[in-house]
> 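Handing you a structure now.
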Amino acid sequence: MDIDIDIRSTLFSGQSFLWNIIDYNGESYGSVINSVPVMIRQLSVGEIEVTAESNLISGRNLSEFFSHYFTVDIANNSVFPNSFQDLYPEVWELLSGYFSLKILRQDFFETMISFMCAQGIGMHLIRKQVSMLAKTYGEQRVLSLEERDLDLYNFPSPCHLAEADPTSLSRCTNNNRVRATNIILAAQSVADGTLDLNALRDPQLPLAELRNMLCQNSGIGYKIADCIALFGLGRFDAFPIDTHVKQYLAKWFGSSVALRSLSPATYLMLDAEARLFLNPDLAGYGGHQLFHCWRKEVKRLRSF
DNA sequence: CTCCAGGTGGCGA
DNA sequence: TCGCCACATGGA
C-alpha cells in the first residue's frame, strides 16, 4: 500500500490540485486532489493506479491521464546521475526522503500567472494572490460533500484576465499595480497569440530560446521563465534559480558564484555549473527535490 | 524594529 | 556589468 508519489511539489494556490476541469480525449474530468480522497499508487515506472471517492473523478483513461499529470514516466531513481551519490554523500543522505517528490505537468497559463505572483515574497502571500485571482476571475464550482459544501474556483482563462481592470486586479496582487498590469499584459499576449503556445511547446525548442520568448513579457525574468518551462511546459531540463537554490548551491556544492548577487550574468553561470553535477535533461526535476529538501531539512520551513 | 520571503526593472556610475 | 532601489505585505 505504499504511495510513491509525493504531490506537494508546487503550485502556490493548489488550484490545480483542488479543482481543475481537464479536457482529455474529448471527455471532461474533474480532479479534486486535496479535498476529496484520491488514492494514487505508482505500481511501477509508467504505471499508476487511481482510486477516487468522488463522482467528479470518473471516466475511462483516468489512470492514463494521471500517469501523465504526475510524471510517472520519470523514474524516481533516474533523476540524479550515478556519480551524484559518491560526490555528495551528505546531500544524498538528506535527499533520501525526497525522491518520490514529483513535478507535475501543470497548465501553462495558470503556471505562468502564478509564478508572476512569486517575486520576493513569502509562500503564504503567493498562495493568497493566486487564490484571490481564481475567486475573483474564475468560474465558481460548488462541490457537495457529505459533511459540507466546498466553494472551488477554476483558474481564470487568458481572456478573462486580459479584460481585467488593473486597479481591481491589483487587489489580488498585494495591491501591487505593476504586477497587476504585467499579468494583464501577459494574459493579453496569450489571448491574442503573441505568445505562441505551439512554438513554446515544441520539445525541440532550445531552452535558451524558450526562456527568451517568455522573457519578452514584462515581469518575467530568467527565474520565472524557467519555472514556467519546468512546471507549465514539462521542460524538466529547466533549472530555476531562486534565493533558496542560490543558498544550497553555495552551501552544498561549494559554488563561489552563488555568493554573488543574482544578476542575469551570474544566473546563467550558476545554471551552467549545476548541469555539471545534475542530469542535464532533468536538472530542474532534481533541483526541485533539492529545493524542498533544503527548505525543510536545513531551513526548517513548515510550508512547502 | 529588522530581516527575509520561490524577483524584476529602472537608474546612475 | 554592477550595486542600489522601489515594489508591497506579512511572518519570524
Side-chain angles (χ1 to χ4, degrees), chain A residues 8-17 98 101 103-104 106 110-133 166-186 189 211-233 235-236 238-252 256-271 274 283-304:
Chain A
R8 68 185 137 177
S9 46
T10 316
L11 251 182
F12 298 120
S13 68
Q15 292 300 323
S16 280
F17 305 158
Y98 294 82
L101 200 157
I103 285 181
L104 312 184
Q106 294 171 117
E110 176 175 351
T111 304
M112 176 169 75
I113 302 302
S114 295
F115 278 98
M116 290 180 75
C117 294
Q119 299 173 342
I121 55 177
M123 205 74 94
H124 174 74
L125 277 179
I126 299 166
R127 288 205 170 96
K128 182 178 164 191
Q129 292 175 83
V130 181
S131 305
M132 284 186 70
L133 282 173
T167 303
S168 63
L169 194 143
S170 67
R171 289 188 293 110
C172 304
T173 58
N174 275 338
N175 301 314
N176 186 324
R177 203 186 164 81
V178 175
R179 181 176 301 153
T181 305
N182 286 338
I183 286 174
I184 293 168
L185 290 172
S189 72
R211 192 153 54 191
N212 289 336
M213 289 168 72
L214 291 169
C215 286
Q216 296 303 309
N217 297 273
S218 180
I220 298 179
Y222 285 164
K223 190 270 175 181
I224 303 297
D226 278 336
C227 284
I228 297 167
L230 178 64
F231 300 108
L233 293 168
R235 286 296 294 257
F236 304 135
F239 181 74
I241 301 165
D242 64 11
T243 174
H244 293 107
V245 174
K246 182 173 175 290
Q247 290 169 25
Y248 77 58
L249 288 175
K251 289 270 184 181
W252 280 348
S256 56
V257 180
L259 298 174
R260 301 194 217 163
S261 63
L262 194 52
S263 68
T266 51
Y267 188 101
L268 295 178
M269 289 171 69
L270 290 174
D271 182 75
Y285 212 105
H288 193 58
Q289 296 179 350
L290 288 164
F291 169 86
H292 279 287
C293 183
W294 172 260
R295 284 175 58 96
K296 188 128 189 237
E297 304 298 327
V298 179
K299 301 296 289 284
R300 300 287 173 189
L301 295 174
R302 248 191 96 254
S303 65
F304 40 78

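All heavy atoms count here, side chains included; hydrogens, waters and symmetry mates do not. Sequence lines set the chain letters: A, B, ... in the order given, protein chains first and strands last, and positions in each chain run from 1. All values reported here derive from a predicted model rather than from experimental measurement.
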> So, OP1 or OP2 of dA8(C): does either fall under 4.0 Å of a side-chain N or O from N176(A)?
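Indeed, a polar side-chain atom of N176(A) lies that close.
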
> Can you confirm if the aromatic rings of F236(A) and H288(A) lie within a centre distance of less than 6.0 Å?
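No - the distance between ring centres of H288(A) and F236(A) does not fall below the 6.0 Å cut-off.
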
> Report the distance from atom OH of Y267(A) to atom P of dC2(C), rounded to the nearest whole Å.
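About 17 Å, once rounded to whole Å.
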
> Heavy atoms only, 4.0 Å cut-off, all strands: where does I241(A) land among base, sugar-phosphate and nothing?
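Contact class for I241(A): none.
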
> Given the C1' atoms of dC1(B) and dA12(C), what is the spacing between them in whole Å?
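Those two atoms are separated by 12 Å.
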
> Take G221(A) and G122(A), find for each the nucleotide of DNA chain B with the closest heavy atom, and name the residue whose nucleotide sits nearer the 5' end.
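Nearest nucleotide further toward 5': that of G122(A).
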
> Can you figure out which of dC2(C), dT9(C), dT8(B) approaches the side chain of A265(A) most closely?
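It is dC2(C).
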
> Indicate the atoms forming the closest heavy-atom contact of I224(A) with A118(A), along with that distance.
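For I224(A) and A118(A), the tightest heavy-atom pair comes out as CD1-O, 4.3 Å.
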
> Closest-nucleotide mapping onto DNA chain B: is N182(A) or V245(A) further toward the 5' terminus? I mean the 5' end.
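The residue whose closest nucleotide sits nearer the 5' end is V245(A).
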
> Specify whether Y222(A) and Y267(A) have parallel, tilted or perpendicular ring planes, treating 30° as the upper limit for parallel and 60° as the lower limit for perpendicular.
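Y222(A) vs Y267(A) ring planes: tilted.
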
> Reckon K299(A) touches a base, only the sugar-phosphate, or nothing at all at heavy-atom distances under 4.0 Å?
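Since only primed, P, OP1 and OP2 atoms lie under 4.0 Å of K299(A), the category is sugar-phosphate.
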
> In whole Å, what is the span from the CZ atom of R179(A) to the P atom of dG6(B)?
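Going from R179(A) (CZ) to dG6(B) (P), I get 13 Å.
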
> Answer yes or no: is there a donor N or O on one side and an acceptor on the other, between the side chain of N174(A) and the main chain of N176(A), under 3.5 Å?
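No; zero donor-acceptor contacts below 3.5 Å.
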
> Please report the distance, rounded to the nearest Å, between CG in L185(A) and P in dG9(B).
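Nearest whole value for this atom pair: 12 Å.
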
> Closest approach to the side chain of K223(A), judged atom by atom: which nucleotide of dT9(C), dA8(C), dT8(B) is it?
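From the listed options, dT8(B) comes nearest.
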
> Under 4.0 Å between a side-chain N or O of T243(A) and OP1 or OP2 of dG6(B)?
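False: T243(A) side-chain N/O out of range (4.0 Å or more) of dG6(B) OP1/OP2.
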
> Rounded to whole Å, please give me the gap between CE in M116(A) and P in dA8(C).
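These atoms are roughly 14 Å apart.
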
> Just checking, any donor-acceptor pair under 3.5 angstrom between side chains of S170(A) and T173(A)?
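No - no donor-acceptor pair under 3.5 Å links their side chains.
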
> Compare every heavy atom of I121(A) with every heavy atom of Q129(A), then report the nearest pair and how far apart it is.
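Minimum heavy-atom separation between Q129(A) and I121(A): NE2-CD1, 2.9 Å.
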
> Do any side-chain nitrogens or oxygens of Q247(A) fall under 4.0 Å of OP1 or OP2 in dA5(B)?
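For Q247(A), the contact criterion (side-chain N or O under 4.0 Å from OP1 or OP2 of dA5(B)) is met.
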
> Across the strands shown, which category fits G219(A) at heavy-atom distances under 4.0 angstrom: base, sugar-phosphate, nothing?
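G219(A): backbone/sugar contact only, no base atoms under 4.0 Å.
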
> For T173(A), which contact category applies under a 4.0 Å heavy-atom criterion: base, sugar-phosphate, or nothing?
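T173(A): no heavy atom of the nucleic acid under 4.0 Å.
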
> What's the CG-P distance between L259(A) and dG3(C), to the nearest Å?
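In whole Å, dG3(C) P and L259(A) CG are 13 Å from each other.
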
> Starting from P on dT8(B), measure out to CD1 on I228(A) and report it in whole angstrom.
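After rounding, the reported distance stands at 10 Å.
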
> Any idea which of dC2(C), dT8(B), dG6(B) is nearest the L301(A) side chain?
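Closest nucleotide among those given: dG6(B).
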
> Roughly how many Å is it from CD1 in I126(A) to C1' in dC4(B), rounded to a whole number?
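The distance from CD1 of I126(A) to C1' of dC4(B) comes to 12 Å, rounded to the nearest Å.
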
> Check whether any side-chain nitrogen or oxygen of H124(A) sits under 4.0 Å from OP1 or OP2 of dG10(C), and answer yes or no.
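So the side-chain polar atoms of H124(A) never come under 4.0 Å of the phosphate oxygens OP1 or OP2 of dG10(C).
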
> Answer yes or no: is there a donor N or O on one side and an acceptor on the other, between the side chain of Q289(A) and the main chain of Y285(A), under 3.5 Å?
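No, because the side chain of Q289(A) does not come within donor-acceptor range (under 3.5 Å) of the backbone of Y285(A).
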
> For I121(A), report the nucleic acid contact type (base, sugar-phosphate, nothing); a contact means any heavy atom under 4.0 Å.
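Answer is base: heavy atoms of I121(A) come under 4.0 Å of a base.
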
> Does a nitrogen or oxygen in the side chain of R177(A) sit under 4.0 Å from OP1 or OP2 of dC7(C)?
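Indeed not, no polar side-chain atom of R177(A) lies that close.
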
> Let's see if you can work this out: which of dT8(B), dA8(C), dG10(C) has an atom nearest to the side-chain heavy atoms of Q119(A)?
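Within the option list, the nearest is dT8(B).
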
> Without decimals, in angstroms, what is the distance between M123(A) CE and dG7(B) P?
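Going from M123(A) (CE) to dG7(B) (P), I get 9 Å.
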
> Looking at S263(A), does any N or O in its side chain come under 4.0 Å of the phosphate oxygens OP1/OP2 on dT1(C)?
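Looking at the OP1 and OP2 atoms of dT1(C), neither is under 4.0 Å from any side-chain N or O of S263(A).
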
> If the cut-off is 4.0 Å, is K246(A) near the phosphate of dG7(B), judged by side-chain N/O to OP1 or OP2?
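Result: no.
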
